[in-house]
Student: 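Please see the structure below; I have some questions.
The shown structure was predicted, so the numbers you read here are calculated from the model rather than taken from an experiment. By convention here, the first residue in the shown sequence is residue 1. Both counts, for ligands and for their atoms, begin at 1 and track the order of listing.
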Amino acid sequence: MGKKTTHKFKAEVSQLLDILVHSLYTNKEIFLRELVSNASDALEKVRFKTTAEGGEDEVPLEIRIEADKDAGTVTITDTGVGMTRDELMRNIGTIAHSGTAELARMAEEGKESLDSLIGRFGVGFYSVYMVADEVEVTTRSIDPAAAPVAWTSDGRNDYKLQELDDDLPRGTRIVVRLKKDLADQFTNTAHLKSIINKHSNFINFPIHVGEERVNTVTALWREPKFQVTAEQYAEFYKFLTFDSEDPFDTLHTSVDAPVQFNALMFTPATGGDPFGMNRENRGLDLYVRRVLIEKQNKDLLPEYLGFIKGVVDTEDLPLNISRETLQDNILIRKISSTLVKQVLDNLEKIAKDDADRYETFWNAHGTLFKAGYMDFLNKDKFGRLVRFNSSASEDAKGLTSFADYLSRAKEGQKEIYYAYGPSREALGLSPHLEVFRKKGVEVLYLYEPIDEFVMDALRDFDGHALVSAEHADMAALDAFETIEQDAPSEALTEEQKSTLDKLLARIKDVLGDGVTEVKVSRRLSGSPVCLANPDGNVTSSMDKIMRVISKDTSIPKKVLEVNPDHPLLRNMLTIFEKSEDDPFIDQAANQLFESALLLEGYLTDPHALVGRVQDLLTKSSGWYVETKK
Ligand code: ADP
Ligand code: MG
């Protein structure tokens, strides 16, 4: 017998244990799910190792659960890889499980209830302390040189380690000394069986409770489709993901060429946090001939389909494939391209059969899915699957496809127009879109920065160019019939027209380098001015993103477009005709320019603008008082 030594838990483990020991969480039975899942992982490692080495294992791969009513213990034994002394210290004593670390951190922050946290994360080995006063782990590593070790702890501050002389079989035995008030419940065999059935039915190895074999051990994905019920799919999905809801969609396929594989892919009903902390939590579990090769493999599906959960099992890969070489394995690439096609075709089918159902999918996973603009090989399919809000939608929730848009397009309309803005309200008032409103031409509304990358990457849909409203060809729009006539304004006389040219030159003088040009607009109807991009530039929203990236805080130089039919411009013209250097012209030019900057989100210092507004208000209220007399 080796000497018994005492070791302190790492700080973050102590913190987590403290939470779990005192937890009032009602669903304590999940401790069994966690211990069984660890046992299963340990068995998978043995199976992976022995099949890779081509050997046969003489010890049966299995999990046994024994309850002892008198002692108040429940014991979980597996014939898996076991642990050496070092591994034991590393795995149970510091935090091994990334979810556990995150759980501890989030519990500390206290923003979410412990119940929902424990429910959502696999809490791993330490969850046993929700039910245990003391736990004893006895383990013998598959490494023949390693001695068996015993680990005990009451889950408070420290744990004890001792090397054993006994000739124990390979694997791990965990004796859980139950808290008094829970002993009856968790030494009841019928109850233990029901817990296994509920949470661990799909474990790949036989689980015995007492003498009885409990789980079914079917690789569901290898069963013929017509034999599997919706309930079985849902049960397997919940086992796989810990989700409590049924999946939104199930896709079960079997392929023979160019590569043989079976796949079972689920779409969850709700989306995760696609770009957040849990972004590594994606991927399909890869099996070769029922042997688990890698959990959550990242090469089978691209990131934008990361919402899909499930398994792939192939006959065609060698069992001794190393996880490192999977990435550039040609067979994996072939499986992957088939899977992507299947997923996209399935989504197209949903969209075609039931638009409401597709909307549900889109609302749950659309944000992540949009990153698929980078998948050039599937550009056409992707283009048929993306959705946007639009000026033709009833509200900000409405979704439109490019095809829907085209079905409503004007006769002869070649382009699909879009505009980026912070909200439906803002876009509804944007001066840039006045001409579209006037002509009744639909504009797709983009609310997320990624939407513009989507448009940029796709470039066209079904032969129709995707064009930002800012860059629309005004001549093309002019050709459409006006549906919303402005109050007609008197046409300018030839003389007024030449004065207007001089007025514009004057405004340019006043604004100096602030603008590249001042010119008559063809897009405005209700607004006096707007800022437009000099030809050929990126859209203003794209420009903003690039400025953030390059930390450029200067104000971009743009074209000031002027609406000569607006009453304010007409008044300026009259004033200018009388006296070319009337200070009102300067004041109005600056005011119009800064208001336009403000609308575009570029005005950093509002002092001058506010000062001018107050001055003008003071004067105009004076005139108002005069005329009301
Ligand atoms: P996770 O399973 O997510 O890694 P756990 O807290 O459940 O986190 O387990 C921590 C680690 O302890 C495991 O990764 C594994 O290395 C080791 N371990 C736990 N139980 C066993 C077991 N029955 N056999 C072998 N190793 C185990
Ligand atoms: Mg675990």
Side-chain angles (χ1 to χ4, degrees), residues 7 9-10 12-17 19-20 29-49 57 59 61-66 74-105 107 117-132 135-143 146 148-153 155 159 161 168-176 199-200 202-208 239-242 278 280-281 283 285 292 294-296 323:
H7 307 259
F9 284 118
K10 280 270 163 65
E12 65 273 27
V13 177
S14 289
Q15 178 198 350
L16 180 66
L17 284 168
I19 294 168
L20 292 170
E29 65 189 34
I30 60 146
F31 87 92
L32 199 58
R33 174 187 79 193
E34 296 299 326
L35 295 186
V36 166
S37 125
N38 286 348
S40 168
D41 290 349
L43 290 162
E44 293 282 9
K45 283 178 194 156
V46 174
R47 180 146 75 184
F48 181 73
K49 203 167 143 66
D57 200 34
V59 189
L61 298 177
E62 60 183 19
I63 301 167
R64 293 189 173 271
I65 300 171
E66 308 274 347
V74 56
T75 302
I76 296 96
T77 313
D78 67 68
T79 50
V81 279
M83 286 174 274
T84 63
R85 186 178 187 276
D86 280 357
E87 284 167 343
L88 198 47
M89 288 181 72
R90 215 176 323 121
N91 297 334
I92 306 179
T94 52
I95 279 187
H97 185 297
S98 57
T100 318
E102 189 150 315
L103 174 87
R105 197 185 51 68
L117 285 175
I118 293 180
R120 202 147 54 79
F121 289 91
V123 274
F125 173 80
Y126 305 113
S127 64
V128 71
Y129 285 102
M130 294 194 297
V131 301
V135 178
E136 181 187 315
V137 180
T138 313
T139 180
R140 166 92 185 246
S141 164
I142 195 168
D143 175 359
V149 210
W151 177 105
T152 49
S153 174
Y159 60 90
L161 273 185
L168 292 178
R170 181 197 71 210
T172 302
R173 192 184 74 201
I174 300 181
V175 182
V176 180
H199 297 292
S200 310
F202 292 96
I203 289 288
N204 244 324
F205 302 93
I207 304 173
H208 301 265
F239 161 77
L240 199 69
T241 59
F242 303 145
N278 223 4
E280 277 306 293
N281 179 23
D285 294 349
L292 180 67
E294 191 182 20
K295 271 195 182 171
Q296 299 199 313
R323 282 164 213 182

Student: I'd like to check which ligand 1 atoms, numbered from 1 as shown, lie under 4.0 Å from a non-hydrogen atom of G124.
Tutor: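 Atoms satisfying the 4.0 Å criterion: 5 (P), 6 (O), 7 (O).
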Student: How far apart are the closest heavy atoms of T94 and V13, and which atoms are they?
Tutor: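 T94 and V13 have their closest heavy atoms at C-CG2, 3.5 Å.
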Student: Looking at R64 and E66, does any basic side-chain N land under 4.0 Å from a carboxylate oxygen?
Tutor: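 Result for this pair is no, no salt bridge flagged.
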Student: Would the number of heavy atoms belonging to other residues, nucleotides or ligands and lying under 6.0 Å from CZ of R173 be above 12?
Tutor: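 Result for CZ/R173: open.
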Student: Show me which atoms of ligand 1 lie under 4.0 Å from any heavy atom of F125.
Tutor: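 Matching atoms, with element in brackets: 5 (P), 6 (O), 7 (O).
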Student: Does N38 reach ligand 1 with a nitrogen or oxygen that is under 3.5 Å from one of the ligand's nitrogen or oxygen atoms?
Tutor: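 By distance alone, the answer is yes.
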Student: For ligand 1, is there an N or O atom under 3.5 Å from any N or O atom of D78?
Tutor: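 Indeed, backbone or side chain, D78 has an N or O that close.
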Student: State if E34 counts as touching ligand 1 under the rule of any non-hydrogen atom under 4.0 Å.
Tutor: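 No heavy atom of E34 comes that close to ligand 1.
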Student: Applying a heavy-atom cut-off of 4.0 Å, say which part of I174 lies close to ligand 1: side chain, backbone, both or neither.
Tutor: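 Near ligand 1, I174 shows nothing, with every heavy atom at 4.0 Å or more.
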Student: With sequence neighbours excluded, tell me which residues meet ring-ring contact (aromatic ring centres under 6.0 Å, His included) with F31.
Tutor: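 Scan of F31 (ring-ring contact (aromatic ring centres under 6.0 Å, His included), adjacent residues dropped) gives F186.
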Student: Using the side-chain contact (heavy atoms from CB on, under 4.5 Å) rule, pick out the option among M83, R85, R140 that qualifies with P148.
Tutor: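 Exactly one candidate clears the test, R140.
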Student: Is the distance from the Mg ion (ligand 2) to some N, O or S atom of N38 under 2.8 Å?
Tutor: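 Yes, N38 qualifies, because one of its backbone or side-chain N, O or S atoms lies under 2.8 Å.
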Student: Quick one: does N91 get an N or O within less than 3.5 Å of an N or O on ligand 1?
Tutor: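 N/O-N/O distance under 3.5 Å: yes.
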Student: Nearest 0.5 angstrom please: F125 CZ to L35 CG, how far?
Tutor: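 Here the rounded value is 7.0 Å.
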Student: Run the ring-ring contact (aromatic ring centres under 6.0 Å, His included) test against H208 and tell me which residues pass, sequence neighbours left out.
Tutor: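 Partners of H208 by the ring-ring contact (aromatic ring centres under 6.0 Å, His included) criterion come out as none, since no residue qualifies.
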Student: Can you sort out which atoms of ligand 1 are near A42, meaning under 4.0 Å from one of its heavy atoms?
Tutor: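 Ligand 1 atoms under the 4.0 Å threshold to A42: 24 (N), 25 (C).
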Student: Judged on heavy-atom distance to atom 27 (C) of ligand 1, which of M83, K45, R173 sits nearest?
Tutor: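 Heavy atom nearest to atom 27 (C) of ligand 1 belongs to M83.
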